[in-house]
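Here the structure comes first, spelled out in structure tokens, and everything after it is commentary.
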Number of protein chains: 2
Amino acid sequence: MRLSVDLVIFTIIKESLNILLIKRGGEPFKGSHALPGGGVHEDEGIEAAARRELEEETGLKNVFLEQLFTFGEDPKRDPRNRVVSIAYYSLVSHETKPKAGDDAADAFWLPVSELSKIKLAFDHDQIIKTALERLLGKIVYAPIAHELLPREFTLTALKKTYETILGKTLDKGNFFNYVKKRGLVVSVDKKAESEGGRPAALYRFNKRVKDISDFMSHFRSAIC
Amino acid sequence: MRLSVDLVIFTIIKESLNILLIKRGGEPFKGSHALPGGGVHEDEGIEAAARRELEEETGLKNVFLEQLFTFGEDPKRDPRNRVVSIAYYSLVSHETKPKAGDDAADAFWLPVSELSKIKLAFDHDQIIKTALERLLGKIVYAPIAHELLPREFTLTALKKTYETILGKTLDKGNFFNYVKKRGLVVSVDKKAESEGGRPAALYRFNKRVKDISDFMSHFRSAIC
DNA sequence: CCAAAAGTGTTAGGAGTACACCCATGT
DNA sequence: ACATGGGTGTACTCCTAACACTTTTGG
């Protein structure tokens, strides 16, 4: 019985949602596309293993990483022997270039819209599907979209991030009002460079919100 | 490295939320209270292992069971050797008596309000805390409360279930309207026995809702 | 008839939605 | 001056929340 971690690393590139994939350098599935990941070392925590793999692949520390699901239903999902895989998903800002890890021949970003064109190793298509569902479900009530952006961003960039993930357009006025009234962002009194119009104000995420889960009260009003 | 499953089994007894605990029959933590669970067999899926343990403990099949979280951060959480535990939670109707499993000396229901009075083996207090958070978070947008009730129930019983889990009282009229308008229940044209007043109509859960996740659209309106 | 619990109706306030309008900058 | 994207304000609708009121049973 082996225990491994697999990573679904999301980022936004040119207004589209991307996932980090590798080309497998070893058997099985050599040459196939797959999620980055690897075995959990003895005397290593499972999240620690995920963070280690994440850093190997992207060089990033201290980014958003959350346990997704543990896959181990079919004892034969890995042809070699029984492998139970703990999947994590991560949200990163698109600044760092991916590096190929130990057993990966290559690492690259792929838009989720193009996932259907390729075949993935193991049950990694299922893992990605689960990650997308989680991301889509979580973004509507938890303030995590900013994790995909640089530390300072424009409200339009934040709006486009939501639109990309939700797959629908949002109203500008309502979105701006929402995000300000909830205090999710704080202005940094700087302007972005103009892109053909009035330059946008830059904002930073309001860290207070992360700790206090005051969105929960709003969230609960759904039924109660 | 060993892989095990732990179960947090909830039920409602006399308007209070209960968890199934066992008294450990073997070392380590012999005699301590703990969650039911056990090792995953070779050539067995992890959810299959959880369902096997659940049936050993309660005799129940085909009940609500959902993967909760995988705990394996601290390599020394089990003093014997490295154990990674996949926690599941289950919602059952209080009809079956718990049976003691293989390595359990005793099995019994304990109200969550009394959990603070006892000390649990391993990191099972952490697992229960996670399960309570999930249950509380999920009940407000997913139709799962009925899993804790018999197949036919009164609207007041359903309301009390929500109140028990949420820890606050709900408005009768608004709750009844909500649950009917959403089509979460269907009347079965029977009456419950009177308890000092007008007898209540019996309802059954509307299975259609379970499959179609139309509550999702309502859910998303939170931000979009 | 009265108490107790079931069940319905009414109304005020607030959140979500659509959309019109003004602002600042580059060309 | 005008095109382009940034940003604000307003009116309408629908849901939620609070609560009063009616109905059906047992004693």
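In what follows, every chain begins at residue 1, and chains take the letters A, B, ... in the order their sequences are listed.
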Decide yes or no on salt bridge (Lys or Arg N to Asp or Glu O under 4.0 Å) for B:R51 and B:E55, but give the supporting numbers first. CA-CA 6 Å; B:R51 290 203 177 272; B:E55 191 180 350; over 6 Å; no
Quick one: which of C:dG7, D:dG6, D:dG26 gets closest to the side chain of B:S194? D:dG26
Is A:T154 touching bases, backbone alone, or none of the nucleic acid, heavy atoms closer than 4.0 Å? nothing
In terms of ring plane angle, is the pair B:H146 and B:F205 parallel, tilted or perpendicular, where the classes change at 30° and 60°? parallel
For A:N18, is there any backbone N or O sitting under 3.5 Å from a side-chain donor or acceptor partner on A:T11? no
Short side-chain N/O contact to D:dT16 OP1/OP2 from B:R182, under 4.0 Å: yes
Are any non-hydrogen side-chain atoms of B:I12 and B:L17 less than 4.5 angstrom apart? yes
For B:F176 and D:dT22, what is the distance between atoms CZ and P respectively, to the nearest whole Å? 19 Å
Nearest-nucleotide wise, let me know which of B:G196 and A:A157 is further upstream toward the 5' end of DNA chain D. A:A157
Rounded to whole angstrom units, what separation is found between the NZ atom of B:K181 and the P atom of D:dT16? 6 Å
Minimum-distance nucleotide (side-chain atoms of A:N177 versus D:dG9, C:dA6, D:dG6): D:dG9
Between D:dA18, C:dA5, C:dA15, spot the one nearest the side chain of B:D171, thanks. D:dA18
So what does B:K159 touch, heavy atoms closer than 4.0 Å: a base, only the sugar-phosphate, or nothing? nothing
Nearest nucleotide by nearest heavy atom, which residue falls closer to the 5' end of DNA chain D, B:G197 or A:N174? A:N174
Below the 4.0 Å mark, does D:dG5 have OP1 or OP2 next to a side-chain nitrogen or oxygen of A:K172? no
Taking only the side-chain heavy atoms of B:K180 (C-beta and beyond), determine which of D:dC19, D:dG7, C:dG7 contains the nearest atom. C:dG7
